[in-house]
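One structure is given below, encoded as structure tokens.
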Amino acid sequence: MAHELSARWSCSLGFLFFVLFGCSKPMELHFAGSTPAVEYHEAEPSLESETGKLTGLVVWIGQKPVVEPIRGLIDTPKGAAWGEVDNPFAPTILDRNLMANVVVQVLNPPNKITQDWPHAEEVSCALSETGLNLTTNPGFAKVGSELQLSSRIKYSQIRGRGESFFTRSFPNEDSTHAVRLDQPGRIELTRPNGQFWQHAELWVCSHPYVVKTNKDGQFDLGRLPPGEYDIQASIPNWRIVGRDRDPETGRVMQLHRGPDIIVVQRVKIDAGKEAKVTLKLSAPQD
């Protein structure tokens, strides 16, 4: 038996020696190439008479949904206990069924950008006892910019999931981090410590035609060159379809939701005119 094992080891070592040193060319290691960062395109000078303006409303169609609270192990003044927290993904439906905080964007932006960036140039997210405080929620940042992270809670973390994935730790209250945002798309910011109700949403954009509806359900996408554009309105799905739990404590660590609620509508833009569109969202079908 010992002789057989020795023979097998000799054979394996001999094959490895041949692979490493017996070839005429050195061993090559191939790694998948990383996706290059998309650049943000600044606005080019243009006359208002050469562009059209795009504004509109987002409304809810049908009965307003009843969004149940989420049950789990939550923090209380007396420590962790089973309880309920508000669903952080509940839609904001106003009077006359107008909707606030809906992300509206142009899916096929023009080659020539004629609208300035409508949001803050610097975006930050600060963690405190009240939750994740993003500059605005949902928030918007240029691709290639940096997200500034900070925390007032010692020994805490902030996690990003989506187009970018990262976790940053804060060993003390003075710790800060800067995360470069290289890929356009949505990032969900959470805490990986079981406080699943603390959530913020950041959209990383390669063009300025991305906004959210205001407290009156209105949006303004600015000026675009003449043409036809696909306009999308979207909100997160509030229906929880799964939970990741800590196997020892039973604490909910992460929520899984259904697909986003989305509507897409084509709009024609004429030079020197304003196009007004009403985008309609409704509850997902079971």
Side-chain angles (χ1 to χ4, degrees), residues 60 62-94 99-103 123-139 147 149-173 175 177 179 185-203 212 234-262 281-286:
W60 182 262
Q63 186 176 0
K64 294 183 180 180
V66 177
V67 182
E68 299 291 342
I70 303 173
R71 184 169 177 78
L73 194 63
I74 63 174
D75 297 326
T76 71
K78 296 182 179 180
W82 289 99
E84 294 180 343
V85 294
D86 292 336
N87 189 318
F89 310 106
T92 307
I93 303 177
L94 313 167
M99 299 190 68
N101 296 321
V102 179
V103 175
V123 182
S124 62
C125 182
L127 175 61
S128 67
E129 296 292 347
T130 60
L132 290 163
N133 303 303
L134 196 59
T135 303
T136 61
N137 189 21
L147 170 63
L149 300 175
S150 61
S151 176
R152 299 176 185 174
I153 304 175
K154 189 179 294 186
Y155 309 125
S156 58
Q157 292 179 316
I158 298 177
R159 173 177 290 167
R161 292 179 181 270
E163 292 303 320
S164 296
F165 183 89
F166 56 84
T167 300
R168 296 294 184 269
S169 300
F170 302 89
N172 54 62
E173 297 177 2
S175 302
H177 294 283
V179 177
R186 186 176 64 184
I187 300 175
E188 293 190 2
L189 300 168
T190 59
R191 293 187 66 185
N193 68 334
Q195 293 178 316
F196 55 87
W197 58 92
Q198 295 190 0
H199 175 276
E201 181 180 325
L202 177 65
W203 288 82
K212 67 176 180 179
S234 64
I235 58 173
N237 195 324
W238 63 89
R239 297 185 178 182
I240 307 302
V241 298
R243 297 171 173 83
D244 291 341
R245 295 181 182 272
D246 184 286
E248 297 180 354
T249 65
R251 181 185 285 270
V252 176
M253 304 303 293
Q254 182 181 350
L255 298 173
H256 298 279
R257 298 176 287 105
D260 289 348
I261 301 172
I262 293 173
L281 293 173
S282 58
Q285 300 297 319
D286 292 329

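When a residue number appears, it is its place in the shown sequence, counting from 1.
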Could you state the interatomic distance from [atom1] ([X]) to [atom2] ([Y]), rounded to the nearest 0.5 Å?
| X | Y | atom1 | atom2 | result |
| --- | --- | --- | --- | --- |
| I261 | L281 | CD1 | CG | 7.0 Å |
| I158 | T190 | CD1 | OG1 | 9.5 Å |
| R159 | T167 | CZ | OG1 | 4.0 Å |
| K212 | I235 | NZ | CD1 | 14.0 Å |
| I70 | L255 | CD1 | CG | 5.0 Å |

Taking the side chain as every heavy atom from C-beta outward, state whether [X] and [Y] have any atom pair closer than 4.5 Å.
| X | Y | result |
| --- | --- | --- |
| P284 | N237 | yes |
| I187 | R161 | no |
| S124 | L149 | no |
| P69 | V85 | no |
| R71 | W82 | yes |
| H177 | F166 | no |
| V179 | R168 | yes |
| E129 | I153 | yes |

Give the minimum heavy-atom separation between [X] and [Y], together with the two atoms involved.
| X | Y | result |
| --- | --- | --- |
| T249 | L73 | O-CD2, 4.1 Å |
| V103 | E201 | CG2-OE2, 4.1 Å |
| S282 | W60 | C-CH2, 3.4 Å |
| L134 | C125 | CD1-CB, 3.7 Å |
| F170 | S150 | CE2-CA, 3.7 Å |
| R191 | L132 | N-CD1, 4.3 Å |

Examine distances only and state if a side-chain atom of [X] and a backbone atom of [Y] form a donor-acceptor pair shorter than 3.5 Å.
| X | Y | answer |
| --- | --- | --- |
| N101 | T92 | no |
| D86 | P88 | no |
| D260 | I262 | no |

Derivation of the side chain to side chain contact (heavy atoms under 4.5 Å, CB included) call for L127 and N133: CA-CA 6 Å; L127 175 61; N133 303 303; over 6 Å; no
message: Tell me whether the NZ or CZ atom of R257 lies within the 45° cone about the ring axis of F89 and under 6.0 Å from its centre.
response: yes
Between [X] and [Y], is any side-chain donor less than 3.5 angstrom from a side-chain acceptor?
| X | Y | value |
| --- | --- | --- |
| N193 | S156 | no |
| Q195 | W197 | no |
| Q157 | S169 | yes |

- request: Run the salt-bridge test on D244 and R251 with the 4.0 Å N-O cut-off and return the result as yes or no.
  value: no
- prompt: Which is it for S175 and Y155 under the side chain to side chain contact (heavy atoms under 4.5 Å, CB included) test, yes or no, and what are the steps along the way?
  reply: CA-CA 10 Å; S175 302; Y155 309 125; over 6 Å; no
query: Going through the distances and angles, do R245 and Q254 end up as a side-chain hydrogen bond (donor to acceptor under 3.5 Å, both in side chains)?
result: CA-CA 7 Å; R245 295 181 182 272; Q254 182 181 350; over 6 Å; no
